[in-house]
K.L.:
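Quick one: the structure is below, questions incoming.
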Amino acid sequence: MSRPPLEIAVRRLRPDEEEPDRLPLRWSTITRLFAFTAPHRRMRDTLLALCVFRAMALPGLAWLVGAIIKGPVQAGDGPATFRALALFAVFFVVADVALYWRIRLAHQIGENVLRDLRDRLMAHLLTQPLSFFHARRHGSLISRMISDIEAMRNGVQNNFFITFVSFGQMTCAAALMLLANPRLFLVLLAIVPCLLLVHAFFRGRILHASRVQQETFSRVTSALAETVQGIRVTQGFAREDTNAGIFTRLVRSLAGNVVRTASLTSLYLPLLELNAHGFMAALIGVGGWAALAGTGTGLGDLVTFFFLADLFFSPITIIGTQLSEATLAMAGAERYFRVLDTPPAWTDKPGAGECPRLSGHVEFRDVGFAYVPDRPVLHGVSFTAQPGQVIALVGHTGSGKSTIIGLLAKFQLPLAGQVLVDGHDLADLRQETLRRQMGFVFQQNFLFAGTIAENVKAARPAATDEEIRQAFRDLDCLDLIEALPAGIHTPCSEKGRGLSMGQQQLVAFARALLADPRILVLDEATSAVDTLTEARLQMALTRLMKGRTSFVVAHRLSTIRRADCVLVLDAGRIVERGTHDELLARRGAYAALHRDFLSATT
């Protein structure tokens, strides 16, 4: 029996292989996250000092209360009692001031660390080659930058410092209880193993539940990003119900995981409180018997012990809550560092130099390349482009045209052979300095949210409005842009929405022209432009290409006919080369492609 499409779609939705549900909690992750506080060392050290003071302050106040009762109160000394209360009030105010600065500095250092985490991740992502982004879901990367770093916010701002204060408070309270009455302290030692057993039982379970919850949240974020980005395909194939069903399953799974985590926490905390109440009951029994039996345990000791016992047990609930929240932060941190620890598939050589001013001589020497090992896509490709020449790359889909462009732009490195510009091996040049002398116009050009002028200025931020208009004027299409509501200042939304495909392409042409490149790459650049607009662009493109080495990936004959050399590719090999007329005369592979084109257009 066949399954309904919705069920099949949901069952096929799996977590990414890079995101396993189970990961151990490692102190190395905590240490590594804490290392991000190093640039803010002075603020961090001040905060830690305040945490130490705060941990000692409340047990110290409890000890002072017991001392006042056993001393001036029991002696009936009014003036001494008043002086002691004044000292208590001053110490209490100082403790509260320390609490204010602890909270304030914790949030300050937390925001600074989160800013550094985001900056580090963005800088790391920008070093990755294109293959890194092709192999990963964009929603997953967005989740790292947003939800995972937000999950670390509470860990950095609250969990660590509150837990530090809580453990310090428990240690100080225990030390003072031992000093006040060693016999009553034995009651505390009897209850501690029960607390440790409860903690050990729930720690791993809460950790795993929190990790699953965070992973599920990441999938929800990823599914939402893909739905928004692919809304045209979704509506075009009437997949609204299917996508809504997938998202509903993910949201329900997230809700179930959140409830499971909350259920474990809601059981863990009451058990901790039960142990604390049991200790208080035992303390009343043992302490009351000792006081009545006249063993030296006085009322002041009992009062001191009760205050200190409350300060010892009250942080346990806080620590339990912080542990539950910290597991979310740790899950986010481990996922974050997993991306940060992914090295680029390749980088520039350590001694790579700056690309000199180019004339535009390009040479491929026996170049071989494969995206997947043992599955080469280029086999011994060799050709030379003289400065100012127009090289057209033609061939069926998958023949290697875009791969050649990617190697020329150093988006990838050849596995064999060399790619040279003006005699310089690209392997010896820094990629960013090479691309500053290249201009790109792709079939699907990305425009940023902003105005047309801001998108054109991406190639040269210092350009003036007149220089931008001149770029459109040189392309012979300024009238098309000025006809828009606000001319070059017409706003366009993300990915150029608000402009037609043809208008977006014109913006991409102007952006490339403003860069004044020595090497120009046109990857089916006129595919989105209508025939009338393309006719206007051809003369402008001729002026744009003049003096520049141009590589054109195109199917339209209007572009190929003007090429100085046409390279015909098939299965990663150059099978023919020559001018348009020469190749037609040979009646080979290019002639067959030409016939296919003519039959498709007629």
K.L.:
Please find the pair of heavy atoms, one from Thr433 and one from Gly353, that lie closest to each other, and give the distance.
P.N.:
OG1-O, 4.1 Å
K.L.:
Could you grab the distance from atom CG of Leu126 to atom NE2 of His124, nearest 0.5 Å is fine?
P.N.:
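If I round to the nearest 0.5 Å, the distance is 10.5 Å.
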K.L.:
Is a salt bridge present between Arg335 and Asp148, judged by a nitrogen-to-oxygen distance below 4.0 Å?
P.N.:
yes
K.L.:
Would you mind reporting whether Val251 and Thr248 have side-chain heavy atoms less than 4.5 Å apart?
P.N.:
no
K.L.:
List the residues meeting salt bridge (Lys or Arg N to Asp or Glu O under 4.0 Å) with Arg83, not counting sequence neighbours, and say none if there are none.
P.N.:
none
K.L.:
Once you round to the nearest 0.5 Å, how far does CD1 of Ile162 lie from OG of Ser166?
P.N.:
7.0 Å
K.L.:
For Glu111, enumerate each residue passing the salt bridge (Lys or Arg N to Asp or Glu O under 4.0 Å) test, keeping only those at least two apart in sequence or located in another chain.
P.N.:
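With neighbours one apart ignored, the set is Arg153.
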K.L.:
Stepwise, does the side chain to side chain contact (heavy atoms under 4.5 Å, CB included) test hold for Phe440 with Met438?
P.N.:
CA-CA 7 Å; Phe440 299 90; Met438 299 183 69; 3.8 Å; yes
K.L.:
With a 4.5 Å cut-off on side-chain heavy atoms, are Arg120 and Tyr336 touching?
P.N.:
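When only atoms from C-beta onward are counted, Arg120 and Tyr336 do touch, with a gap below 4.5 Å.
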K.L.:
Kindly write out the residues that satisfy ring pair (Phe, Tyr, Trp, His ring centres under 6.0 Å) with Phe160, not counting sequence neighbours, or none if the list is empty.
P.N.:
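Here the qualifying residues are Phe34.
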K.L.:
Counting C-beta onward and ignoring hydrogens, is there a side-chain heavy-atom pair between Asn112 and Met43 closer than 4.5 Å?
P.N.:
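In short, these two side chains touch, coming nearer than 4.5 Å.
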K.L.:
Are Leu434 and Arg430 close enough that some pair of their side-chain heavy atoms sits under 4.5 Å apart?
P.N.:
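Leu434 vs Arg430: side chains apart.
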K.L.:
For Ala333 and Thr29, work out which heavy atoms get closest and say how close.
P.N.:
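Looks like CB-CG2, 3.9 Å.
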K.L.:
Can you find a pair of side-chain heavy atoms, one from His489 and one from Ile452, that are under 4.5 Å apart?
P.N.:
no
K.L.:
Go through Thr451 and Cys492 one step at a time and tell me if the side chain to side chain contact (heavy atoms under 4.5 Å, CB included) criterion holds.
P.N.:
CA-CA 6 Å; Thr451 65; Cys492 54; over 6 Å; no
K.L.:
Please list all pairs passing the side chain to side chain donor-acceptor pair (under 3.5 Å) test where one or both residues lie in residues 38-52, with sequence neighbours left out.
P.N.:
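Listed once each, the pairs are Thr37-Arg44, His40-Asp116.
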K.L.:
Please report the closest heavy-atom contact between Arg511 and Ala458, naming both atoms and the distance.
P.N.:
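Nearest pair, atom of Arg511 first, then Ala458: CD-CB, 4.1 Å.
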K.L.:
Do Leu33 and Leu117 have side-chain heavy atoms sitting under 4.5 Å apart?
P.N.:
yes
K.L.:
Indicate yes or no: at least one non-hydrogen side-chain atom of Gln431 is less than 4.5 angstrom from one of Phe411.
P.N.:
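The answer is no, as the side chains (C-beta and beyond) never meet within the 4.5 Å cut-off.
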K.L.:
Please set out all donor-acceptor pairs under 3.5 angstrom arising from side-chain atoms of residues 85-110, sequence neighbours excluded.
P.N.:
from	atom 1	to	atom 2	distance (Å)
Tyr100	OH	Arg104	NH1	3.0
His107	ND1	Ile103	O	2.9

K.L.:
Quick one: are Ile149 and Arg144 in side-chain contact, heavy atoms under 4.5 Å?
P.N.:
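A side-chain contact under 4.5 Å is absent here.
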K.L.:
List the steps and the verdict of side chain to side chain contact (heavy atoms under 4.5 Å, CB included) for Glu454 and Phe448.
P.N.:
CA-CA 8 Å; Glu454 290 168 346; Phe448 300 94; over 6 Å; no
K.L.:
For Arg32, what residues pass the salt bridge (Lys or Arg N to Asp or Glu O under 4.0 Å) criterion, not counting sequence neighbours?
P.N.:
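With sequence neighbours excluded, Arg32 shows a salt bridge (Lys or Arg N to Asp or Glu O under 4.0 Å) to Asp341, given in chain and number order.
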K.L.:
Dump the intermediate steps for side chain to side chain contact (heavy atoms under 4.5 Å, CB included) on Phe161 and Leu50, then the final yes or no.
P.N.:
CA-CA 10 Å; Phe161 297 109; Leu50 289 172; over 6 Å; no
K.L.:
Within a 6.0 Å radius of atom CE on Met56, are there more than 12 heavy atoms belonging to other residues, nucleotides or ligands?
P.N.:
no
